[in-house]
Protein chains: 2
Amino acid sequence: MNKHIKPTESELEILGILWERGASTVREVHEILEQSKEAGYTTTLKLMQIMHEKGLLKRDASAKTHIYEANVSREKTQQQLLNKMIDTVYNGSATQLVMQALGHHRSSRKELDQIRQYLNEMEKKQQ
Amino acid sequence: MNKHIKPTESELEILGILWERGASTVREVHEILEQSKEAGYTTTLKLMQIMHEKGLLKRDASAKTHIYEANVSREKTQQQLLNKMIDTVYNGSATQLVMQALGHHRSSRKELDQIRQYLNEMEKKQQ
DNA sequence: CCTGTTGTACGAATATCTTCGTAAACAAAT
DNA sequence: ATTTGTTTACGAAGATATTCGTACAACAGG
């Protein structure tokens with residue numbers, strides 16, 4: 001029984017911040033959010049409260065200032081969104097997505113090597 | 001000046017169909033949509049009308065039965081969504097996304113070769 | 001204490017997306 | 001001509017997401 005994680009755009013931004021920082025207060029999240037977005041503090045607060053209700057975040061409310069933390073793993077969320085994207089936007093072809101991702105995000109040589117190695121491992125497993 | 005394409009979930013499904021089929025009537029789109037989704041005909045119609053207003057679709061209304069066609073390219077839309085995803089969900093690392101995409105979508109040997117070749121070309125260009 | 005600051009809770013306004021009922025236009029069939 | 005079926009147009013209801021004003025509690029410094 002796998003949860004159907006479906007964060008909205010705004011929720012994803014907040015999750016991203018929490019995945020990076022780990023447990024944080026609303027103010028901390030808000031301050032980072034502000035750098036790329038116009039938003040009032042209570043807006044961020046409300047958003048995070050709703051995310052808590054939905055189960056996307058967990059929180060420690062023992063102190064006055066509550067501490068929030070992501071309650072869904074980055075990996076699982078990534079996989080979920082990735083699959084949907086491959087399906088609807090890339091018509092099922094992961095290869096297509098991979099090449100486009102490589103094409104536009106000039107990767108370093110190190111990264112390319114990393115990927116190449118990954119490819120080799122995959123091929124070994126297949127045989 | 002680049003348009004900010006931001007189709008919703010439902011709009012993406014319709015775009016996907018139009019990218020596949022090319023110019024189509026509402027009914028044709030609707031029939032495909034129905035296979036994977038519960039929806040009334042007028043719902044699909046309205047959706048496509050709104051997409052037309054937004055500029056996502058263009059249409060030929062010269063005959064009674066209008067013909068709709070995607071007005072945003074698959075490539076540009078893919079790139080846009082991909083970038084956003086890499087940014088918010090993969091924290092900027094395209095490599096990360098690539099490896100996860102490969103890991104879960106067991107690709108054929110042919111596809112792996114294709115990607116490998118692509119990697120080589122990229123590396124050549126970089127030097 | 002009082003006062004200003006910082007925090008949460010609540011609820012409502014706004015915006016946006018999704019769905020569909022109903023009407024009107026039109027064409028084909030009877 | 002009347003009926004039947006297909007289509008678009010319009011508008012409104014329902015669902016969901018986003019934003020923020022206001023109230024109130026906790027706390028720190030004077």
Side-chain angles (χ1 to χ4, degrees), chain A residues 3-18 21 23-69 72 77 81 84 88-89, chain B residues 3-18 21 23-69 72 77 81 84 88-89:
Chain A
K3 287 177 257 179
H4 221 225
I5 309 170
K6 218 195 137 212
T8 68
E9 225 4 74
S10 309
E11 290 174 341
L12 258 182
E13 292 180 64
I14 290 178
L15 278 176
I17 293 173
L18 288 175
R21 291 188 39 98
S24 309
T25 66
V26 174
R27 175 137 326 263
E28 290 166 335
V29 171
H30 178 63
E31 243 138 48
I32 296 180
L33 216 49
E34 266 189 319
Q35 293 170 10
S36 56
K37 202 188 184 185
E38 184 78 15
Y41 171 81
T42 54
T43 302
T44 306
L45 170 64
K46 181 69 169 186
L47 219 31
M48 290 175 71
Q49 285 173 340
I50 289 174
M51 289 171 76
H52 176 245
E53 278 174 33
K54 289 190 191 171
L56 258 46
L57 304 185
K58 58 189 163 191
R59 76 175 169 191
D60 172 1
S62 61
K64 183 199 162 193
T65 301
H66 301 175
I67 311 280
Y68 288 82
E69 195 174 355
V72 293
T77 309
L81 294 173
K84 174 167 260 175
T88 60
V89 187
Chain B
K3 286 176 259 179
H4 221 223
I5 309 169
K6 219 198 134 209
T8 68
E9 227 2 75
S10 308
E11 291 174 340
L12 259 181
E13 292 181 65
I14 290 177
L15 277 177
I17 293 172
L18 288 175
R21 291 188 39 98
S24 309
T25 66
V26 173
R27 176 136 323 264
E28 289 167 336
V29 171
H30 178 61
E31 243 138 48
I32 296 179
L33 215 51
E34 266 189 319
Q35 293 170 10
S36 56
K37 201 187 185 185
E38 185 79 13
Y41 172 80
T42 53
T43 302
T44 306
L45 170 65
K46 181 69 168 187
L47 218 30
M48 288 175 72
Q49 285 172 341
I50 289 174
M51 289 171 76
H52 177 246
E53 279 173 33
K54 289 190 189 172
L56 258 46
L57 304 185
K58 57 189 164 190
R59 77 175 169 191
D60 173 1
S62 62
K64 185 199 162 192
T65 301
H66 302 177
I67 310 280
Y68 288 82
E69 195 175 355
V72 294
T77 309
L81 295 173
K84 173 166 262 176
T88 60
V89 188

How close or far is atom [atom2] of [N] from atom [atom1] of [X], stated in whole angstroms?
X       : N      : atom1 : atom2 : result
B:Met48 : C:dT18 : CE    : P     : 15 Å
A:His30 : C:dT8  : NE2   : P     : 12 Å
A:Asp60 : C:dG7  : CG    : P     : 16 Å
B:Glu11 : C:dT18 : CD    : P     : 7 Å
B:Leu45 : C:dT18 : CG    : P     : 15 Å
A:Ile67 : C:dT6  : CD1   : C1'   : 14 Å
A:Arg59 : C:dA9  : CZ    : P     : 5 Å
B:His66 : C:dC26 : NE2   : C1'   : 11 Å

Notebook entry, point to check: Is there side-chain contact between B:Glu11 and B:Lys54, with heavy atoms separated by less than 4.5 Å?
Noted result: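 Counting from C-beta outward, B:Glu11 and B:Lys54 do come under 4.5 Å.
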
Check: Do A:His52 and A:His66 have side-chain heavy atoms sitting under 4.5 Å apart?
Finding: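 In short, these two side chains do not touch, never coming nearer than 4.5 Å.
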
Next item on the list: Could you please spell out the steps behind the side chain to side chain contact (heavy atoms under 4.5 Å, CB included) verdict for B:Leu12 and B:Leu81?
Entry: CA-CA 11 Å; B:Leu12 259 181; B:Leu81 295 173; 3.9 Å; yes

Any side-chain N or O of [X] under 4.0 Å from OP1/OP2 of [N]?
X       : N      : value
B:Thr43 : C:dC20 : yes
A:Gln49 : C:dA9  : yes
B:Lys6  : C:dC17 : no
A:Thr42 : C:dT8  : no

Check: Does A:Lys64 make a side-chain donor-acceptor contact with the base of C:dT8, cut-off 3.5 Å?
Finding: no

Notebook entry, point to check: Along DNA chain D, 5' to 3', what are the outermost nucleotides having an atom less than 4.0 Å from a heavy atom of chain B?
Noted result: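 Range of nucleotides within reach of chain B: D:dT6 to D:dG11.
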
Notebook entry, point to check: Could you walk me through whether A:Thr44 and A:Glu34 pass the side chain to side chain contact (heavy atoms under 4.5 Å, CB included) check?
Noted result: CA-CA 10 Å; A:Thr44 306; A:Glu34 266 189 319; over 6 Å; no

Check: Which atom pair, heavy atoms only, marks the closest approach of A:Val26 to A:Tyr41?
Finding: CG1-CE1, 3.6 Å

Checklist line | Shortest non-hydrogen contact between B:Leu56 and B:Leu15, atoms and distance | finding: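 Minimum heavy-atom separation between B:Leu56 and B:Leu15: O-CD2, 4.2 Å.
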
Checklist line | Worked verdict on B:Arg21 versus B:Ile32 for side chain to side chain contact (heavy atoms under 4.5 Å, CB included) | finding: CA-CA 10 Å; B:Arg21 291 188 39 98; B:Ile32 296 179; 3.3 Å; yes

Checklist line | Nucleotide of C:dT18, C:dT19, C:dG7 approaching A:Arg27 most closely (side-chain heavy atoms) | finding: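 Output: C:dG7.
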
Dump every N/O contact between nucleotides 11-13 of chain C and the protein below 3.5 Å, one line per pair.
from, atom 1, to, atom 2, distance (Å)
C:dG11, N7, A:Lys46, NZ, 3.2
C:dG11, O6, A:Lys46, NZ, 3.4

Notebook entry, point to check: Does a salt bridge link B:Lys6 with A:Glu9, judged by any charged N lying under 4.0 Å from a carboxylate O?
Noted result: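 Answer for the salt bridge query: no.
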
Next item on the list: Any chance you could lay out the side chain to side chain contact (heavy atoms under 4.5 Å, CB included) test for A:Glu28 and A:Ile17, step after step, and finish with the verdict?
Entry: CA-CA 9 Å; A:Glu28 290 166 335; A:Ile17 293 173; over 6 Å; no

